[in-house]
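Following: one structure in structure tokens, then a few remarks.
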Amino acid sequence: MTDGAVAAAVSFLRGRTALVPEIALVLGSGLGPLADALEGIAVPYADIPGFPAATAPGHAGRLILGRLFGRATVVMQGRVHLYEGYSPQEVVFPVRVMAALGARLLVLTNAAGGMHPDDRVGDLVGIEDHLSLAVASGLDPLRGPNDPATGPRFVSMNRAYDPDLLTLAQRLGGMRRGTYAHVAGPSFEPPALIRLLKLAGCDLVGMSTVPEVIAARHLGLRVLAISAVTNLAVDSAASPHVTTEAEVWEAVKIVQPKLLSLMRELIPVLPEAPA
Ligand code: HPA
């Protein structure tokens, strides 16, 4: 994906609205209804030049630009994932477009399996760090030529999850914080992988977010990421429990109002400019 492709998407969107977003918000699996709180224009991804189509269930595939709880915001109602067959670069294309539109702060949400003993279905947990075997083994969205005008060749992942934003979100949402393990999917993790991820200190597991965080940090955006625990990950082959998509959708219904009330408190008090 070239900078030309980003510029083409930006110029298309500029033709639809003059709004310059300060905040970008990505709504994960089934969390899209939060976008109903937004007054603005909605553009299907399919209409935006270069945008990947959202094929995953529970991902409407619309970019909404408008005011959310008083702040100029661009919202992705649904995201794209590696498991849909997109390259890491394609997965992060929308993040690059939202940054080029003006967003300096990226808020990511996702549905995740809980691996921490305190996790309960329906909990929100702030992400403080990640582990991605997929990225570590080559599926890094920054792989390939780097334009130094866009960002540095090597990007630190220390403090990638903005500590001040995380503390703020935790205070408002009464949430724990944890480490998110990223898997490429789409198969759910076998119990043996869950045991490995737990041994490595991970608390949550899911199939998104990390490529977007890497691209956002490359662009210098501040990042806040929040997981909704939709199921408890199984770590023993002896467990009779079989993780299903239906379980995830049921839980998402519990989480939606919690996430909405957190965003109602959080969005208005997010800092205006990068620290
Ligand atoms: N694993 C991976 N992705 C997920 C899960 C899970 O258990 N729950 C929701 N998304």
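Along the sequence shown, residues carry numbers from 1. Indexing begins at 1, ligand by ligand and atom by atom, following the structure's order.
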Under a 4.0 angstrom heavy-atom cut-off, which atoms of ligand 1 come close to [X]?
X      : result
Asn231 : 5 (C), 6 (C), 7 (O), 8 (N), 9 (C)
Thr230 : 8 (N), 9 (C)
Glu189 : 1 (N), 2 (C), 6 (C), 7 (O)

Any idea which of Ala111, Gly206, Pro186, Gly185 brings a heavy atom closest to atom 10 (N) of ligand 1?
Ala111

Winner among Thr244, Val205, Ile194 once heavy atoms are compared against atom 4 (C) of ligand 1
Val205

Answer yes or no: does an N/O atom from Phe188 fall short of 3.5 Å to an N/O atom of ligand 1?
no

Check whether any N or O atom of Thr243, backbone or side chain, sits under 3.5 Å from an N or O atom of ligand 1, and answer yes or no.
no

Test of understanding: clusters of I, L, V, M, F, W, Y form through side-chain heavy atoms closer than 4.5 Å, transitively. Do Val269 and Leu124 belong to the same one?
yes

Atom 5 (C) of ligand 1: the protein heavy-atom neighbour that sits closest, reported with distance to 0.1 Å
Gly113 N, 3.4 Å

Take atom CZ of Arg159 as the centre, draw a 6.0 Å sphere, and report whether it contains more than 12 heavy atoms from other residues, nucleotides or ligands.
no

Between the side chains of [X] and [Y], does any donor sit under 3.5 Å from an acceptor?
X      : Y      : value
Asn146 : His218 : yes
Thr179 : Asp129 : no
Thr209 : Asn110 : yes

Closest non-hydrogen atom pair, Gly28 against Arg79
CA-NH1, 3.5 Å

Look only at the side chain of Arg67 and the backbone of Gly70, and say whether a donor-acceptor pair between them is shorter than 3.5 Å.
yes

Examine ligand 1 and decide if any of its atoms is less than 4.0 Å from a heavy atom belonging to Ala233.
no

